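Being a predicted model, the structure only gives us computed values, none of them experimental.
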Amino acid sequence: MEMQPVTPEMLKQALKEALEEALLEKRAFLRDLIEEVLEDIALSRAIQEGLESEKVSRQQIFDLLKGGDA
């Protein structure tokens with residue numbers, strides 16, 4: 001039996017099918033992974049914003065938490 005050479009089109013189609021199957025089978029894993037990445041991005045942005053914002057005293061924070069005026 002003679003083997004056919006693998007064409008770029010055949011390879012591309014096989015890769016597409018394998019990727020589609022993997023995404024369908026690991027949907028929850030992929031969703032969790034994307035969620036983690038988005039949370040890390042949001043945390044990084046919040047930290048950066050905090051580093052660039054005005055400093056406040058500890059007492060001002062507690063006053064705000066208690067519902068008082070700062």
Side-chain angles (χ1 to χ4, degrees):
M1 178 178 204
E2 190 176 322
M3 296 184 70
Q4 293 181 327
V6 177
T7 66
E9 293 80 22
M10 292 169 64
L11 187 58
K12 185 177 177 181
Q13 184 61 33
L15 184 58
K16 280 183 179 181
E17 290 173 10
L19 183 58
E20 181 180 2
E21 184 177 332
L23 290 175
L24 289 174
E25 289 180 4
K26 302 293 184 183
R27 188 177 210 147
F29 172 76
L30 185 60
R31 182 178 49 245
D32 291 344
L33 179 64
I34 291 170
E35 186 177 300
E36 288 270 338
V37 168
L38 292 175
E39 286 176 357
D40 288 349
I41 291 169
L43 181 58
S44 174
R45 286 183 179 170
I47 290 170
Q48 187 61 40
E49 186 177 315
L51 292 172
E52 296 170 359
S53 66
E54 177 185 339
K55 306 290 186 215
V56 296
S57 71
R58 181 181 172 118
Q59 189 58 48
Q60 287 174 300
I61 293 171
F62 284 118
D63 288 345
L64 284 172
L65 292 173
K66 291 177 185 174
D69 294 326

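Put simply, the side chain of Glu36 never gets that close to the backbone of Leu33: no donor and acceptor are under 3.5 Å apart.
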Hey, can you pull the donor-acceptor pairs under 3.5 Å for the side chains in residues 12-31, sequence neighbours left out?
| from | atom 1 | to | atom 2 | distance (Å) |
| --- | --- | --- | --- | --- |
| Gln13 | NE2 | Glu17 | OE2 | 3.0 |

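For the pair Leu43/Glu39, no side-chain contact is recorded, criterion being any heavy-atom separation below 4.5 Å from C-beta on. The side-chain heavy atoms of Ile34 and Leu38, taken from C-beta on, include a pair separated by under 4.5 Å.
In this view, Ser53 satisfies the side-chain hydrogen bond (donor to acceptor under 3.5 Å, both in side chains) rule with no residue, not counting sequence neighbours. Every side-chain hydrogen bond (donor to acceptor under 3.5 Å, both in side chains) that Gln59 has, sequence neighbours left out, goes to Asp63.
Counting non-hydrogen atoms of other residues, nucleotides and ligands closer than 6.0 Å to CD of Glu52 gives a total above 12.
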